[in-house]
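Read through the structure below, which is laid out as C-alpha cells, and then see the notes.
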Number of protein chains: 2
Amino acid sequence: MYLASLGELALGSRLKALSDHFYAAADEVYRSCGAPIESRWFPVLRYLWEHDATTVSEVATAIGQTHSAVSQLADKLVRAGLVKRRKDARDGRRSLLVLTDKGRGALTSLGPVWVAIRRGAMASLGQDGLTLLAALDACEKALQERPLVASILAEHAALGAAELEIISYEPALKEHFYRLNAAWLERYFRLEDIDRVVLGDPGRYVLKPGGAIFFARLGGEIIGTCALLHESPGVYELSKMGVDEAFRGLGAGRRLLDAAIAEFQRRQGRELFLESNSRLKTALRMYEQAGFVMQPSVRPGSHYERADVYMVYEENSRRPHPLGQGAAKRTRRTG
Amino acid sequence: MYLASLGELALGSRLKALSDHFYAAADEVYRSCGAPIESRWFPVLRYLWEHDATTVSEVATAIGQTHSAVSQLADKLVRAGLVKRRKDARDGRRSLLVLTDKGRGALTSLGPVWVAIRRGAMASLGQDGLTLLAALDACEKALQERPLVASILAEHAALGAAELEIISYEPALKEHFYRLNAAWLERYFRLEDIDRVVLGDPGRYVLKPGGAIFFARLGGEIIGTCALLHESPGVYELSKMGVDEAFRGLGAGRRLLDAAIAEFQRRQGRELFLESNSRLKTALRMYEQAGFVMQPSVRPGSHYERADVYMVYEENSRRPHPLGQGAAKRTRRTG
DNA sequence: GGCAATTACGTTAGTGCTAACGCAATTGCC
DNA sequence: GGCAATTGCGTTAGCACTAACGTAATTGCC
C-alpha cells in the first residue's frame, strides 16, 4: 500500500478510505438482512432511539455534525416514515424529532443485526479493532487539547529558524551513523553482515582507510549522514547516505552529497561512484541532479546484494540545488 | 462524545470525522504557508513526484481510489498548472500524467511544510498517533484477509440459530454474576463497597435471604444476569441487572426482567421496586415497558449513592415485549 | 418597551467522491 | 484475419456533507 508509506502525511486519505469501507459493509449487511435503513442514518437513529424527542441541534452536536446535515437527514428519515417532526410548544423555532412507531419497531428488530456487527467487527479485526478504537479515542482527545494546526505551524516556524549545518565525523556521533543507516536499510531491504560491520565501527572501516563521514545537523539534532569511502588510490565510493524519515524534503540529502563531492574534489580524486537500488527513486533523482550519471550495468564485483544501480560522478552533468539560494545561504560548514 | 459510546457501530462516522479534521488542518497549513495546493491533491501529487509520467489508473490503484476520481483531480491539477497530460505514443488509450516544472518546483519547496506536518502531528498526537497508524495498518490488512461483511453475516446467522435461555443460579456461574454487573457499574459509575460485597458472594447475600438470580444464556454463553432481592416480608427489589455490551438489543434484558417478575408473582410478593439512575435511559425504558412505574421521589433510605430513580411494579401498566412472538418462542425456561 | 445579540432551523450552492455508462484501443483466441 | 473480451479513460448523474446565508423566535439589557 503506497499510502501507508507516507505515514502521517496521508492519514486523512486512509481514514476516509477505511470509513467508506465500514459504511459500505454496514449497508451491505442491512440490505441482506432486509433492514430498511442505511448506514449513514445510524448515529441519528440510534440517538433518537435512546433519547426520543430531541431537537435538530442537540442531535447535531451529539454526533458531531452540522445542524444542516442532521436537518437534511431528518427529511430523509421522515420520507422513509421512520421519524416525524413536531413543533415545540414552548419554543416556536424548535422542531422536535421523534421516532415513529414504525421507526422504533424497525430499530428494535435491528438489535440482533447490531450485535452481529459488533461481533463481526471483532471477528474480522480482532485485537486490532480494539486498538483502533482506543487510538481513536486518544487522538480525538489529543487533538482537542493540542490543536493540530498550531503544532504544525510551530514546527514550521522552528524549522525556518533552525540552521542546517553539515559537520564532519566525531566519535560522539558514531551511534547516529548506525541509527540513520539502519533505518532505511531495515525498511527497504535488510541489514547485510557487511553493513553491520562497517556501521558499527566507522572509524576503522571508513576513516582509517582514507574516507570521510559527514552529518547534517538541524537545530542541534543530527538528521542525516553520508560517507565517502576510499576504495583504491584516487577512487572513491559514495555510500551510507541516510536522512531521518521525519526530516526528508529539507534538502539535507543534497547538502550532504555536495559536501562529500567537495571533499572528493579537495582530495583530487579521479573517480567517484555509487551503488544503489532502483527502488529508491527519490534518492536516484537526487544523485542525478548532483552530477551522478547512470551506468548501463552494475559495477563488476559489487559487494552488496541489493545493488542494481551503478552511477558515476561527472562534473559537467551537475545541476543547481532545487531549493535554491535561500536554503544554501543558511548552510554552514563546520567541524 | 456520544459516538465513542457506540463502539464499533459508529466506527465509520468517527473515522470520517477524524479524516475531515486532518484534511482541514492540512488545508489551513498550506494556506498559511502560501502553498498553492490543497490537501486532497497530496496523494496524487506526491505519487507523481516520486514516479513521474504515470497513467491515471496506476495512480488510482496506488492511492486506492477510482480512476474517475483521479481523472477529475487531474483536470484540476492541469487547470492549476501543476500537471500536464501527455498521450502515450505506444498505447493510444493512455494519457500520461507528468508534473510540470511549476508543479515540481512547488512540491520541492513544500518539503519543509511536509516535515512540519509530520512533526506537528507527532507533537499533537504523541504516542497515540503512532498507535493509530499501526492500528490502521493492521486493520487494513485484517479486512483484506477476513472480509467484514462475511464475518458479520456469519455472526448474524449464528445468533439466529442460537437459543436464548433464561436459567436460574448455579454456583458455577458466580463469576459471571460479578463480571456482568461490574462491567456496567465501572463504566457508568464506580463499584461501591456494598456492590463488591454482594456481587462477591451472591449465595450469602441474595439467595440465602430469600432472593433469586437469573442468567441469560445464548448458545452456551452467559450474556446477562438479573437478581430479585428479598427486602422484607412480601417486599422484593429488582437489582443487579446487567447484559454484556456485545449482546445488547437481543431482548435478553427484557427476558430476564420477565423471569424475575414471574418469580416475584410465584412467591405472591406484595411489592416489587427497583432503584436506578436517570442516565441509564434504555434500561429505564425497558423497566417501564415491563410494568415498572416511575415514582416522584427516590426511595427513602436508599443504600446506593447512584440511585436517583425509584420505580415500582404495577401489573396493569405492563406492555408486550417489543421483539414480539418470534423472539419469545425461542425462549425456554430451564434450571 | 425597544433593540441588539443569540439561538434554532431551513435552504442553497458547491465540493469530493462513486457508480454507471460509453468510447477507443489493445489483447486473446480461433 | 476477424471478433469478442479486456483495458484505459472520460463523462454524467447522484450522494453526503459543509459553508454560507436567510428567517423566525427568544433572550438580555438598557
Does the pair Asp308(A) and Arg279(A) meet the rule for a salt bridge (charged side-chain N to carboxylate O under 4.0 Å, His left out), with working shown?
-> CA-CA 9 Å; Asp308(A) 71 344; Arg279(A) 291 173 61 194; over 6 Å; no
Value in whole Å for how far the [atom2] atom of [N] lies from [atom1] of [X]:
X	N	atom1	atom2	value
Lys87(B)	dG10(D)	NZ	P	7 Å
Arg94(A)	dT6(C)	CZ	P	18 Å
Asp91(A)	dT7(C)	CG	P	12 Å
Asp88(A)	dC9(C)	CG	C1'	13 Å
Leu77(A)	dC15(D)	CG	P	15 Å
Leu96(B)	dA25(C)	CG	C1'	14 Å

Under 6.0 Å from the CZ atom of Arg86(A), do we count more than 12 heavy atoms belonging to anything else shown?
-> no
Contact between [X] and [Y] at the side-chain level, heavy atoms closer than 4.5 Å - yes or no?
X	Y	result
Leu18(A)	Leu11(B)	no
Arg40(B)	Lys16(A)	yes
Glu28(A)	Arg31(A)	yes
Ser5(B)	Arg187(B)	yes
Tyr2(B)	Val59(A)	no

Looking only at non-hydrogen atoms, find the nearest pair between Lys84(B) and Thr100(B) and report the distance.
-> N-CG2, 3.8 Å
Can you pull out how bent the helix from dG1(C)-dC30(D) to dC30(C)-dG1(D) is, comparing the axes over its first five and last five pairs, to 10°?
-> 10°
Closest to the 5' end of DNA chain D, once Arg85(B) and His67(A) are matched to their nearest nucleotides, is Arg85(B)
List, with names and distances, any nitrogen or oxygen atoms from the protein found under 3.5 Å away from nitrogen or oxygen atoms belonging to nucleotides 16-18 of chain D.
residue	atom	partner	partner atom	Å
dA16(D)	OP1	Glu38(A)	OE1	3.3
dA16(D)	OP2	Lys76(A)	NZ	2.1
dA16(D)	O3'	Arg40(A)	NH1	3.4
dT18(D)	OP2	Thr66(A)	OG1	3.1
dT18(D)	O4	Gln72(A)	NE2	3.3

Trace of the salt bridge (charged side-chain N to carboxylate O under 4.0 Å, His left out) decision for Arg14(A) with Asp137(B) | CA-CA 9 Å; Arg14(A) 292 176 72 193; Asp137(B) 270 338; 2.7 Å; yes
So, does the side chain of Arg93(B) form a donor-acceptor pair with the base of dT26(C) at under 3.5 Å?
->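 Absent.
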N/O (side chain, Ser71(B)) to phosphate O (OP1/OP2, dG10(D)) under 4.0 Å = yes
